[in-house]
Trainee: 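Input: one structure, supplied below.
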Amino acid sequence: SESEKEEAKQALMQIKKIVEQMLAEGATEEEVEEFLQQIGMTLDELELAEEMFGMGEGALGFTI
């Protein structure tokens, strides 16, 4: 449903903000992947989700 999509997008934006904050604080790629694993996600899944929601490729500011 539309509200579920919006909730998923909001959650994704929160995850993205956390990842961006981690990177700003000097986190390594491995640390970011470790964080994502804790919430049950991979970097590939995050990037795929961003593309699905039209947030653009490489929206995190880094690519692997």
Side-chain angles (χ1 to χ4, degrees):
S1 74
E2 202 55 43
S3 65
E4 287 174 326
K5 276 188 198 171
E6 190 56 36
E7 280 181 38
K9 188 173 182 179
Q10 292 299 321
L12 182 61
M13 290 172 77
Q14 281 298 112
I15 293 167
K16 196 176 149 193
K17 280 183 188 170
I18 293 168
V19 169
E20 286 172 347
Q21 183 66 37
M22 289 175 71
L23 292 172
E25 292 172 0
T28 65
E29 194 177 295
E30 289 78 22
E31 289 169 324
V32 170
E33 287 179 350
E34 211 171 278
F35 160 71
L36 291 173
Q37 282 176 357
Q38 289 173 7
I39 59 171
M41 213 172 188
T42 66
L43 202 48
D44 287 340
E45 289 170 337
L46 181 58
E47 288 175 356
L48 182 63
E50 285 182 343
E51 288 176 34
M52 283 175 44
F53 284 111
M55 294 179 178
E57 191 175 324
L60 285 174
F62 67 98
T63 51
I64 305 228

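Residues: numbered from 1 along the sequence shown.
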Trainee: Per the side chain to side chain contact (heavy atoms under 4.5 Å, CB included) rule, which among Lys5, Glu7, Met13 passes with Lys9?
Mentor: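 In the set Lys5, Glu7, Met13, the residue that makes a side chain to side chain contact (heavy atoms under 4.5 Å, CB included) with Lys9 is Met13.
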Trainee: Can you measure from CD1 (Ile39) to CG (Leu46) and round to the nearest 0.5 angstrom?
Mentor: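 That separation rounds to 7.5 Å.
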Trainee: Indicate yes or no: at least one non-hydrogen side-chain atom of Leu43 is less than 4.5 angstrom from one of Val19.
Mentor: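 No. Closest side-chain heavy atoms not under 4.5 Å.
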Trainee: If you look at every heavy atom in Met22 and Glu31, which pair is closest and at what distance?
Mentor: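 Heavy-atom minimum between the residues: CE-O, 3.5 Å.
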Trainee: Roughly how far apart are Ile18 CD1 and Lys16 NZ, rounded to 0.5 Å?
Mentor: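 The NZ atom of Lys16 is 13.0 Å from CD1 of Ile18, to the nearest 0.5 Å.
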Trainee: Find out whether Met41 and Leu12 are in side-chain contact, i.e. whether some heavy atom of one side chain is under 4.5 Å from a heavy atom of the other.
Mentor: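 Yes. Closest side-chain heavy atoms under 4.5 Å.
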Trainee: Just checking, is any N or O donor in the side chain of Glu6 or Gln10 under 3.5 Å from an acceptor N or O on the other one?
Mentor: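 Their side chains do contain a donor-acceptor pair, which is all the 3.5 Å distance test asks for.
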